[in-house]
There are 2 protein chains.
Amino acid sequence: MVYSLNIYEMKTPVTILDIARELGISKSTVSRVLQNTYDVNPETRQKVLDKMQQMNYRPNMMARNLKKGSTSVIGVNIPAFDIPFYSQAISGIQNEAARQGYNILTCQSNEDVNTELKNIETLLASQVDGLLISISKTARNVMHLLELQRNNIPVVLFNRVAGQMDFSKVYVNDFDGAHKMVNYLIGKGHKKIAHIAGPGNLSLSKNRIEGYKASLKAHGISFAEELLIEGDFSFADGARCMNELLDRQLEIDAIFCVCDSMALGCMQVLKQRGYRIPKDIAVAGYTNDPAAEYVDPGLTTIAQPSYQIGVEAAALLIRKIKNPAYPRQDVILDTELIIRNSA
Amino acid sequence: MVYSLNIYEMKTPVTILDIARELGISKSTVSRVLQNTYDVNPETRQKVLDKMQQMNYRPNMMARNLKKGSTSVIGVNIPAFDIPFYSQAISGIQNEAARQGYNILTCQSNEDVNTELKNIETLLASQVDGLLISISKTARNVMHLLELQRNNIPVVLFNRVAGQMDFSKVYVNDFDGAHKMVNYLIGKGHKKIAHIAGPGNLSLSKNRIEGYKASLKAHGISFAEELLIEGDFSFADGARCMNELLDRQLEIDAIFCVCDSMALGCMQVLKQRGYRIPKDIAVAGYTNDPAAEYVDPGLTTIAQPSYQIGVEAAALLIRKIKNPAYPRQDVILDTELIIRNSA
DNA sequence: CTGTTAGCGCTTTCAA
DNA sequence: TTGAAAGCGCTAACAG
């Protein structure tokens, strides 16, 4: 009798057919109470509901979705979960998606284009209704995005956007953020302001460079090529860039970094090499990572509404999914200058 | 003729039937090349492959999964994406899952039990093959977990674990971590060591308290109830606890916090109230958040292998999914004492 | 090696 | 208000 016990335990999930049989009715009727949009005899309805409760029925979304042709699932591809910006953006994405009855299938590219391609393939195979994408910094071209466009897949790009596709995009006004910061630095009397930029394939890098240049120009300071250096966003590379800049023996009184992690790398190098911050060289970041608040001196930076970016991106995508005719649009969010003590 | 154009554009996804028809063969044959486990005439196989390429065929996982009765999707419920520990753990989970051909459906509870319940319901409805759960700090009971057990759902709990269920668990040796830290503090000559603990419903809180007590005892220091205070993990609450402790006018020469965010809150209060760290009061944390490295003074803390916890949890769950007979097991990972300048 | 057939669990006409 | 039946895209016997 041990066997029957086992069989009992590995009970297969209960289906509408099971509960229909138990009640001596047809599965269509059961299905109807599930939709609660058709007319069903109130008594029957209640009996069905009770039975469902009793038998612990749970609708099989796979079957339902196969029938409906949509999954109410959004695929998300980001560079990495443990980048503070993305963990906050994902938080916004998930909350907004849940609010609207969507689930999220999440992948990280680990900053590798090939992984990114594979992720997108996997997500499409899972029949996601749409895609939220922030490209990897190694994505030198956007063929994969064009491919999505050709296939009419609803896509919204966020934060790291690129290309001229017919996709909505959500990002911050990088030009303005950089402009604001450099204005501030100049206002504090700095004149030799270096800039550590981000990877050249990302619009955000370009836009921040433009904002930096525009501010210099507006204040009659000529742009010096040798004060501009490209990095890869990482703490370690921030340190490398700072060392390189210092080794060039230029006069520098301030340094504006494309992101906080690089700025933190700069600060570490500056401290090691005996510079006082901000007295000898001021340091400014961008992104307002949690760490910016705790470092010494506190990092002056530009805050981005990362959670809100996630919310907007998800909302936009869902609107597009529900109405494919919904036109593309760019949502450009504002940044905020956060003044601490490093500049 | 505009209409026909539109119709052309909203082409429905191509199925195996489409490519079978195009080739004048049966869809079974097409299906067979998809499985590439059955014997198919090499020529036919190639023709099918070519056609798939040409027609841009993508298998419909929903259909496949409905048939197979499994989804190769793992449901994940965590308290919040933007807690550094979890963003790293998720990173490990996703990479390991992807390596083994699984996708992850992720939800956050925002530390709310009801949301947690809803998340789990949603994930189950999506027919996930198993669940990776870290409970919210407001989860005072574990009825929902018992329910999962009753339904034979493969579950692995990680980090924040609770209850006596037949689930595998992955967590760090909290007793040992706390013990190690307090030993270190005592070794530095501290005798009046306060402890800010975590929510009482979580084993990790209890275990760290036990480690703290055991170390005191081993060194002949008697445990003082008034030096123990319970907090909720947050920076703000760390500040609150610190103030409260200070206001009690006790002699304190060191404070050991259940997590770094609370320790950072303590440091802020201590600085504001004119205490020198570690001279007047030493501060120690737990978790080794990125910020711990950047604060001034650097925070002495206990590092947890957060990424690895994610990897182990995912691996364990997948093993259980593939072999339901696989017995439960506890994976207890080791911590590391990271000495900086705050203690 | 290949085609036919019967579902997986659900929704939704069409009739009654 | 209800039931019968077809079918979403795919897999897997079974038969040839």
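Hydrogens, waters and symmetry mates play no part in the numbers below; they use all other heavy atoms, side chains included. Just so we're on the same page: letters track the sequence lines, and every chain starts at 1.
- Of all nucleotides in DNA chain C, those with any atom nearer than 4.0 Å to a heavy atom of chain B start and finish, going 5' to 3', at C/dC1 to C/dG9.
- Between A/Lys118 and A/Glu121 no salt bridge is recorded (no basic side-chain N to carboxylate O distance below 4.0 Å).
- One finds a salt bridge joining B/Glu111 and B/Arg160 here, because a Lys/Arg side-chain nitrogen approaches an Asp/Glu carboxylate oxygen to under 4.0 Å.
- For the pair B/Ser168 (side chain) and B/Arg328 (backbone), a donor-acceptor distance under 3.5 Å is absent.
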Check your understanding: When you look at A/Lys47 and A/Glu22, which way does the salt bridge (charged side-chain N to carboxylate O under 4.0 Å, His left out) test go after all the steps?
Key -> CA-CA 10 Å; A/Lys47 271 197 286 188; A/Glu22 287 278 322; over 6 Å; no

Exercise for review: Before giving the answer on side-chain contact (heavy atoms from CB on, under 4.5 Å), spell out for B/Asp82 and A/Tyr307 the whole-Å C-alpha distance, their side-chain angles and the decisive distance to 0.1 Å.
Suggested key: CA-CA 10 Å; B/Asp82 60 358; A/Tyr307 181 89; 5.9 Å; no

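- A salt bridge links B/Asp18 to B/Arg21: at least one charged side-chain nitrogen sits closer than 4.0 Å to a carboxylate oxygen.
- Side chain of A/Gln149 to main chain of A/Asp166: a donor-acceptor pair is present (N/O by atom type, distance under 3.5 Å, no hydrogens or angles).
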Anything under 3.5 Å between a donor and an acceptor, one on a side chain of residues 70-80 of chain A, the other on a protein residue two or more places apart or in another chain? List them.
unit_1: A/Thr71; atom_1: OG1; unit_2: A/Val73; atom_2: N; d: 3.3
unit_1: A/Thr71; atom_1: OG1; unit_2: A/Gln127; atom_2: O; d: 2.9
unit_1: A/Thr71; atom_1: OG1; unit_2: A/Asp129; atom_2: OD1; d: 3.2
unit_1: A/Asn77; atom_1: OD1; unit_2: A/Asn119; atom_2: ND2; d: 3.0

Practice item. Any chance you could list the contact pattern along nucleotides 6-16 of chain D? Use B for base contacts, S for sugar-phosphate-only contacts and - for none, protein heavy atoms under 4.0 Å, 5' to 3'. Key: -BBBBBBB---

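- Residue-level contact check: B/Asn41 touches the backbone only, with heavy atoms under 4.0 Å from sugar-phosphate atoms and none from bases.
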